[in-house]
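Take a look at the structure set out below.
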Amino acid sequence: MSNKEHRLGVSEASLVVRHLKLEPVDPDTMQHVLAEIDEIYGLDAVSFDEKTQVLNIAYDAARICLDCIEEVLEKHKVQMSHDWWTNFKEGYYRFFDQNIKDNMNAKPMGCHGGVRGTKPRR
C-alpha cells in the first residue's frame, strides 16, 4: 500500500490509471475539458500531454468509469483516436472497470464463514 494521500472518494484498492490517445484538439478546449474532468467525484488525477495527445487519468473504478470521462469529451466535441490500439484499450478498460465494480459488491468465497457444528476460533 502506498503512503500517497488520495483525493476524497478515491480508494487505493480500486484505483486505476488510464491513458487515452485523442484526436488533435485545441489547447483552449482541452483546458476546459481538463477543468471539468477534474471536478468529477472519484477522480484522483488528470493531465494531458500536448505532444503525444494523450489524456492521462487516475480514478476510483468503483465510483466512476470511462463513460463519465467520455461524456465530458463528447460535450466538448473532443474525440478519442480511432486507431485499433486505442479501441482495444478502451474495450479492455471498460471490462476491467466493470470487473472492479462487480467484485466490490461480491460476497467473498471460501470457508471463512466457519464449518457447521464447530465454534469459531478466538
Side-chain angles (χ1 to χ4, degrees):
M1 189 154 184
S2 169
N3 291 333
K4 181 181 185 274
E5 297 259 343
H6 298 287
R7 289 168 110 179
L8 183 63
V10 178
S11 168
E12 183 144 349
S14 54
L15 180 68
V16 295
V17 178
R18 304 292 187 231
H19 309 284
L20 299 170
K21 184 166 176 60
L22 304 177
E23 291 294 323
V25 61
D26 178 52
D28 292 334
T29 302
M30 201 62 216
Q31 289 302 320
H32 293 294
V33 169
L34 291 175
E36 192 168 333
I37 290 174
D38 197 43
E39 294 177 7
I40 297 174
Y41 182 74
L43 187 87
D44 197 38
V46 61
S47 65
F48 181 68
D49 184 2
E50 289 184 35
K51 186 176 182 180
T52 60
Q53 296 291 304
V54 173
L55 178 67
N56 303 298
I57 46 180
Y59 59 88
D60 187 332
R63 297 199 182 275
I64 63 173
C65 63
L66 198 55
D67 293 334
C68 298
I69 307 300
E70 288 181 347
E71 285 177 14
V72 175
L73 294 174
E74 288 175 13
K75 178 180 171 185
H76 293 279
K77 297 181 178 26
V78 175
Q79 294 184 355
M80 282 200 285
S81 179
H82 300 292
D83 63 89
W84 73 270
W85 182 241
T86 302
N87 288 333
F88 176 80
K89 286 195 316 184
E90 183 182 5
Y92 175 76
Y93 291 161
R94 286 182 195 285
F95 172 78
F96 198 80
D97 289 355
Q98 187 60 48
N99 194 23
I100 289 174
K101 281 186 181 183
D102 292 345
N103 286 330
M104 292 301 287
N105 298 322
K107 186 176 180 181
M109 294 179 59
C111 59
H112 300 291
V115 179
R116 278 191 199 170
T118 62
K119 292 183 180 180
R121 291 184 195 173
R122 292 186 191 220

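If you're wondering where the values come from, they're calculated on a predicted model, not measured in any experiment.
- Shown here for Ile100 and Ala62, the closest heavy-atom pair between the two residues is CG2-N, 4.1 Å.
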Quiz item: Does the side chain to side chain contact (heavy atoms under 4.5 Å, CB included) test come out yes or no for Ile40 and Val46, once each step is laid out?
Solution: CA-CA 10 Å; Ile40 297 174; Val46 61; over 6 Å; no
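- Contacts classified as ring-ring contact (aromatic ring centres under 6.0 Å, His included) and involving residues 61-91 (residues at least two apart or in different chains) are given here: Trp85-Phe88.
- With values rounded to the nearest 0.5 angstrom, Glu71 atom CD is found 10.0 Å from Glu36 atom CD.
- Residues Phe48 and Leu34 approach most closely at CB-CD1, 3.9 Å, considering heavy atoms.
- Residue Tyr93 qualifies as enclosed at atom OH: its count of foreign heavy atoms under 6.0 Å is above 12.
- Among residue pairs with one or both ends in residues 84-98, those qualifying as salt bridge (charged side-chain N to carboxylate O under 4.0 Å, His left out) are Arg18-Asp97, Asp67-Arg94, Glu70-Arg94, Glu90-Arg94; sequence neighbours excluded.
- The structure places CD1 of Ile37 at 10.5 Å from SG of Cys68, a figure rounded to the nearest 0.5 Å.
- Judged purely by atom type and a 3.5 angstrom limit, Gln53 uses its side chain to pair as donor or acceptor with the backbone of Glu50.
- Tracing side-chain contacts under 4.5 Å through hydrophobic residues (I, L, V, M, F, W, Y), one never reaches Val16 starting from Val54; they form parts of separate clusters.
- Within the model, atoms CG of Leu66 and CD1 of Ile57 stand 6.0 Å from one another, a figure rounded to the nearest 0.5 Å.
- Taking CE of Met80 as the start and CD of Glu23 as the end, the distance is 10.5 Å to the nearest 0.5 Å.
- Note: Asp26 CG to His32 NE2 = 8.5 Å, rounded to the nearest 0.5 Å.
- Side-chain contact between Val25 and Val33 is absent, with no heavy atoms from C-beta onward closer than 4.5 Å.
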Quick one: do Ile69 and Leu55 satisfy side chain to side chain contact (heavy atoms under 4.5 Å, CB included)? Show the steps, please. CA-CA 10 Å; Ile69 307 300; Leu55 178 67; 4.2 Å; yes
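- Shown here for Ser81 and Asn87, the closest heavy-atom pair between the two residues is O-OD1, 4.2 Å.
- Taking all atoms of both residues into account, the shortest heavy-atom contact from Lys101 to Cys65 is NZ-CB, 4.0 Å.
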